[in-house]
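See below for the structure under consideration.
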Number of protein chains: 2
Amino acid sequence: MPYNVYSRNCPARLVLDRLADKWALLVIGSLREGTLRFNQLRREVDGVSQKVLSQTLKKLERDGIVARTALPTVPVTVEYALTTLGTTLAETIEHLSSWAESNMEEIQAAQARYDRRETATVAG
Amino acid sequence: MPYNVYSRNCPARLVLDRLADKWALLVIGSLREGTLRFNQLRREVDGVSQKVLSQTLKKLERDGIVARTALPTVPVTVEYALTTLGTTLAETIEHLSSWAESNMEEIQAAQARYDRRETATVAG
DNA sequence: CGGGATCCTTGGTGATACTG
DNA sequence: CAGTATCACCAAGGATCCCG
């Protein structure tokens, strides 16, 4: 193989880098249920600022993952939806999401164990 | 349902937030092939600083995804490996990774299209 | 309503030096 | 080898204001 995914200049790594974006993941997940407008998305993805949401959507649009449609209403209405490509990605992300849901208890238990060891070390 | 994954205080979202970490993803991917030592990992994950690698490993250890073993050699040898939990996560990430590989060409094409439109708009 | 421009703060990042 | 500590730096992110 010419290069592996972990190499800085591997194209797949570039894609992966972008996917490893908390907000992008959350936006894609939100759009799985259907088309949303800018402020709907903003409310759905709790904690995202307007600036970052705007940036994120622009990137995703550029990547062909999200489609942006501006309706000529007054005031303007802008709709965001997943493209076909985006839908396949959303399914993949869904796996990650459900993994997180299934294993979060185990993770929290591990964290508690780790933290107890930490303080125990300090104490004794 | 009590809350959705996109809510700031949803436990699953907390897990997801952490997973949306480029370096964590890359580290987990690297460990899929087997145990690695600190500097091996550092070489494998191209571009990671030692500070960040250290932080990342500590988080992953806390989450019970990675196991850290210090061998009493001189100088000390520290090995990192995936736990059982980590292995299941690695499989999930693999899906994401292979999605990226399969679709990166389409993404790059979309980007080129987008950029052409951009400059076209500017030009005329 | 959607989103650009601006300012300002935080924290990620790299380089360097040091310890066990 | 496997880190920790420190510093200088820059870019990402939040808050705010404003416009079409």
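Below, chain A is the first sequence line, B the second, and so on; all start at residue 1.
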| Quick one: E79(A) CD to dG2(C) C1', roughly how many Å, whole number? | 13 Å
| Taking for each residue the nucleotide of DNA chain C with the nearest heavy atom, is it R37(A) or G47(B) whose nucleotide lies nearer the 5' end? | R37(A)
| request: May I ask whether L85(B) and L16(B) are part of the same hydrophobic cluster, defined by side-chain heavy atoms of I, L, V, M, F, W, Y residues being less than 4.5 angstrom apart, directly or through others? | output: yes
| Is any side-chain heavy atom of Q108(A) less than 4.5 Å from a side-chain heavy atom of Q111(A)? | yes
| Least distance between heavy atoms, R68(B) atom then V78(B) atom | CG-CG1, 3.7 Å
| task | Side-chain contact test, heavy atoms from C-beta onward, threshold under 4.5 Å: evaluate it for I28(B) versus R32(B) and give yes or no. | result | no
| said: Side chain of S49(A) only, heavy atoms from C-beta on: which candidate in dG3(D), dG14(D), dT13(C) is closest? | reply: dG14(D)
| For W23(B) and dG12(C), is the shortest distance between a side-chain N/O and OP1 or OP2 below 4.0 Å? | no
| field | Contacting residues from residues 52-61 of chain B, given that a heavy atom lies under 4.0 angstrom of DNA chain D | value | S54(B), K58(B)
| message | Expressed as a whole number of angstroms, how long is the span from R43(B):CZ to dG3(D):P? | response | 13 Å
| said: In the structure I gave you, are the side-chain heavy atoms of I107(B) and R18(A) within less than 4.5 Å of one another anywhere? | reply: no
| Are the side chain of S97(A) and the backbone N or O of I93(A) linked by a donor-acceptor pair below 3.5 Å? | no
| request: Round to a whole Å and report the spacing from CG of L41(B) to P of dA2(D). | output: 10 Å
| Residue among V27(B), V45(B), N39(B) satisfying side chain to side chain contact (heavy atoms under 4.5 Å, CB included) with L53(B) | V27(B)
| said: Between P on dA2(D) and CD on Q40(B), what's the gap in Å once rounded to a whole number? | reply: 7 Å
| query | Between dC1(D) atom C1' and L36(B) atom CG, what is the distance in whole Å? | reply | 15 Å
What are the atom names and distances for every N/O pair under 3.5 Å that joins the protein to nucleotides 16-20 of chain D?
none

| d(CG, N39(A); P, dG2(C)) in whole Å | 4 Å
| Heavy-atom closest pair, residues R42(B) and V48(B) | O-CG1, 4.1 Å
| request: Quickly work out the L71(B) CG to dC1(D) C1' distance and round it to whole Å. | output: 12 Å
| task | Starting at atom CZ of R68(B), determine the distance to atom C1' of dT4(D), rounded to an integer number of angstrom. | result | 12 Å
| query | Just to confirm, is there a sub-4.0 Å distance from OP1 or OP2 of dG3(D) to any side-chain nitrogen or oxygen of Y80(B)? | reply | yes
| query | Do L41(A) and L31(A) touch side chain to side chain, with heavy atoms closer than 4.5 Å? | reply | yes
